[in-house]
Colleague: 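Right, I'll just put the structure down here and ask away after.
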Amino acid sequence: MNPLVLLLSSFFVLIILRVNIGFSLIAASLIVMWQQGLPLTSAVNQMYSGIDSFTLLAVPFFMLLGRVLNAGSITDRLLAVANASVGHVRGGLGHVNVFVSMVFASLSGSAAADTASVGSILIPAMKKAGYDPAFAVALTAASSTLGVIIPPSIVLIVYGAFGNVSIGALFLGGVVPGLLIGLSMMIYTYILAVRHGYPADPFPGIRAMGGILKRGAAPMLIPVLVLGGIVGGVFTPTEGSIIAVGWALFLSLVVYRDVPLRSMPKLLTDAVIDFAVPMFTVAGAGIFGWLIAYLGAAQIVVDFITAQTSNPYLIMLMLVGFLLLIGTVLNPISATLIFLPIIQALGTTSGVDPVHLGVLTTIILSIGLVTPPYGICLLIAAQIGEVSIGRAMIAVLPICILTIFIACISLWVPDIVLGLPKLLVPQYF
């Protein structure tokens, strides 16, 4: 059997059998290495080289940041800011849901953490206010995927680290598309609110709003510190993540005093466990990705697609379709690591800028977080809202279409992604 076919087929068979992704990657790789007579010591070397990255140290700190935000009152303060800012618009709680997800995305970079923390508060509140439970679940799950796009995104960190692309430029490239997707969700929410008569909260008044904004100002400094420091060259993404955690701990332990010191061991332990699972996947993807490159998969795919068309836009649309497909069975980090050689080869063939390609890839893969069978954000939200996956999937479909539409517009108008990076970090272009 062709070794590339054996590699991919054995991997997807194991995934269908519900074997852990990390074990599936390693097992499929070892089968092919045995078939090809490759030394098994290469497997250990490639797994180690896959995780031997200083930049990847940013990931556990951003995961710890999400834990710290949820442990104290910071999430509640952000919800209050969101409610004061957009809660008075028709469909207020829906807008609050999207707004706070955009803010939370700029703090933790984790979609699943956003779904669990925001969803546990807003989904019951939306149901109580008369919103369709399926819509509340769909909006919560879909808006939480903004954590994959808006910096600091863990997926963008991984893409930059393994794809040799500036993480600062990727962060800046994700800002405008992320905001556009969030805005489109709010417009969709408003249309449904008018159609179904969803309520709006009363405007709290300028004075009260000022007080709420003041209470939430300190946590809002986190994305400013991280993004500003990285783009300005003051510190690396890893150092930025440490500074963000330090600021959040200072607020929670010293200023607000709502996180007891005795809870720190549990927070640290949970963050380590959160990091261990994807890191094992990264190690497995190291050997799997090396085999894909060794077997020439990228060139095979490029030759096949260019034989069908030489139009760069059609090539990229094929890539979009491929990413949508693999996103349904793999989480964005795994999909990025496994298929990065193919993604970058098609991007080079189409003449797409590496930063543009990285952000576009991340946007499309984020849709997989709300599409079964993987769809972790949709599964979490549906469990909180006590809604069947079928109903939730139907409700989230229009929002997925909006995301795909904005991704395609970003493909045709590169400055949607590249405008901000070219302005602030022109040295990378």
Colleague: If every non-hydrogen atom of M33 is compared with every non-hydrogen atom of S42, which pair is closest and at what distance?
Modeller: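 The pair with the smallest heavy-atom distance is CE-CB, 3.7 Å.
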Colleague: Around F235, counting heavy atoms of other residues, nucleotides and ligands shown, do more than 12 lie under 6.0 Å from its CZ?
Modeller: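 Yes.
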Colleague: Could you give the distance from CG (L314) to OG1 (T306), rounded to the nearest 0.5 Å?
Modeller: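 So the CG of L314 and the OG1 of T306 are separated by 12.5 Å.
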Colleague: Taking the side chain as every heavy atom from C-beta outward, state whether F23 and L14 have any pair of such atoms under 4.5 Å apart.
Modeller: no
Colleague: Kindly give the heavy-atom pair with the smallest separation between T269 and P265, and that separation in Å.
Modeller: OG1-O, 2.7 Å
Colleague: Does any N or O in the side chain of Q344 come within less than 3.5 Å of the main-chain N or O of G163, such that one atom is a donor and the other an acceptor?
Modeller: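 Side chain of Q344 to backbone of G163, a donor-acceptor pair under 3.5 Å: yes, one is there.
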Colleague: Please confirm whether the backbone N or O of L7 pairs with a side-chain atom of S10, one donor and one acceptor, at under 3.5 Å?
Modeller: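 Indeed, once roles are kept as given, a pair shorter than 3.5 Å links the two residues.
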Colleague: Can you give me the closest heavy-atom contact between A43 and L30, atom names plus distance?
Modeller: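 Looking at all heavy atoms of both residues, the shortest contact is CB-CD2, 3.9 Å.
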Colleague: Can you name the nearest heavy-atom pair linking V155 to P332, along with the distance?
Modeller: CG2-CB, 3.8 Å
Colleague: Return yes if some donor-acceptor pair links the side-chain N/O of S252 with the main-chain N/O of L249 below 3.5 Å, else return no.
Modeller: no
Colleague: Has N164 got more than 12 heavy atoms of other residues, nucleotides or ligands less than 6.0 Å from its CG?
Modeller: no
Colleague: Is the shortest side-chain heavy-atom distance between F54 and L57 below 4.5 Å?
Modeller: yes
Colleague: Could you go through F322 and V301, starting from their C-alpha distance and side-chain angles, then the distance that decides it, and tell me whether this counts as side chain to side chain contact (heavy atoms under 4.5 Å, CB included)?
Modeller: CA-CA 11 Å; F322 172 71; V301 173; over 6 Å; no
Colleague: With a 4.5 Å limit on heavy-atom distance, are the side chains of F288 and L8 in contact?
Modeller: yes
Colleague: Does the pair S184 and I406 meet the rule for a side chain to side chain contact (heavy atoms under 4.5 Å, CB included), with working shown?
Modeller: CA-CA 9 Å; S184 70; I406 292 173; 3.6 Å; yes
Colleague: Does any part of the side chain of L365, heavy atoms only, come nearer than 4.5 Å to the side chain of I326, both counted from C-beta?
Modeller: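 Answer yes - side chains close enough.
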Colleague: Is the shortest side-chain heavy-atom distance between L319 and L357 below 4.5 Å?
Modeller: yes
Colleague: Rounded to the nearest 0.5 Å, how far apart are CG of L64 and CG of L268?
Modeller: 5.5 Å
Colleague: Within a strict 4.5 Å, meaning less than it, do heavy atoms of the I287 and L25 side chains meet?
Modeller: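 Not in contact.
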Colleague: Do the non-hydrogen side-chain atoms of F171 and I157 ever get within less than 4.5 Å of each other?
Modeller: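 Yes, side chains in contact.
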Colleague: When you measure from the side chain of T145 to the backbone of A141, do you find a donor-acceptor pair of N or O atoms at a distance under 3.5 Å?
Modeller: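 Such a contact is absent between T145 side chain and A141 backbone.
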Colleague: Above 12 or not: heavy atoms from other molecules or residues under 6.0 Å from CD of E239?
Modeller: yes
Colleague: Other residues, nucleotides and ligands only: do more than 12 of their heavy atoms fall within 6.0 Å of CH2 on W412?
Modeller: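 Result for CH2/W412: enclosed.
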Colleague: If we ignore angles and hydrogens, is there a donor and acceptor under 3.5 Å between the side chains of S144 and T115?
Modeller: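 Note: S144 and T115 side chains meet the donor-acceptor criterion.
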Colleague: May I ask you to check whether over 12 heavy atoms, not counting those of Y190, lie within 6.0 Å of atom OH?
Modeller: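 Incorrect, the count does not exceed 12.
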Colleague: Should we say atom CD of E386 is surrounded by more than 12 heavy atoms from elsewhere, each under 6.0 Å from it?
Modeller: no
Colleague: Quick one: do Q383 and L379 satisfy side chain to side chain contact (heavy atoms under 4.5 Å, CB included)? Show the steps, please.
Modeller: CA-CA 6 Å; Q383 185 175 18; L379 294 174; over 6 Å; no
Colleague: Would you find a donor on one side and an acceptor on the other, under 3.5 Å apart, between the side chain of S101 and the backbone of N97?
Modeller: yes
Colleague: What's the separation between atom CD1 in I305 and atom OG in S310, rounded to the nearest 0.5 Å?
Modeller: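 That separation rounds to 12.5 Å.
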Colleague: OG1/T189 to CZ/F135 distance, rounded to the nearest 0.5 angstrom?
Modeller: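 Rounded to the nearest 0.5 Å, the OG1-CZ separation comes out at 4.0 Å.
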Colleague: Would you compute the distance between atom CD1 of I150 and atom CD1 of I181 and round it to the nearest 0.5 angstrom?
Modeller: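 Taking CD1 in I150 and CD1 in I181, the distance rounds to 8.0 Å.
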Colleague: Report yes if some heavy atom in the side chain of V226 is under 4.5 Å from a heavy atom in the side chain of P151; otherwise report no.
Modeller: no
Colleague: Verify whether one side chain among S334 and N331 offers a donor that lies under 3.5 Å from an acceptor in the other.
Modeller: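 The answer is yes; a qualifying pair exists.
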Colleague: Closest heavy-atom contact between A407 and L360?
Modeller: O-CD1, 3.4 Å
Colleague: Apply side chain to side chain contact (heavy atoms under 4.5 Å, CB included) to residues T281 and I333 and explain how you reach the verdict.
Modeller: CA-CA 9 Å; T281 302; I333 293 178; 5.8 Å; no
Colleague: To the nearest 0.5 Å, what is the distance between CG (L56) and CD1 (I51)?
Modeller: 9.0 Å
Colleague: Please list all pairs passing the salt bridge (Lys or Arg N to Asp or Glu O under 4.0 Å) test where one or both residues lie in residues 7-35, with sequence neighbours left out.
Modeller: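 Matches after skipping sequence neighbours: none remain.
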Colleague: Can you tell which of V359, V176, L411 makes a side chain to side chain contact (heavy atoms under 4.5 Å, CB included) with I416?
Modeller: V176
Colleague: What pair of heavy atoms forms the shortest contact from I21 to F11, and how long is it?
Modeller: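 I21 and F11 have their closest heavy atoms at O-CE1, 4.3 Å.
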Colleague: Would one find more than 12 heavy atoms of other residues, nucleotides or ligands at under 6.0 Å from atom CZ of F280?
Modeller: yes
Colleague: So, H356 side chain and S410 main chain: donor-acceptor pair closer than 3.5 Å or not?
Modeller: yes
Colleague: Do K127 side-chain atoms and A136 backbone N/O form a donor-acceptor pair below 3.5 Å?
Modeller: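 No; judged by distance alone, with no hydrogens or angles, the pair does not exist.
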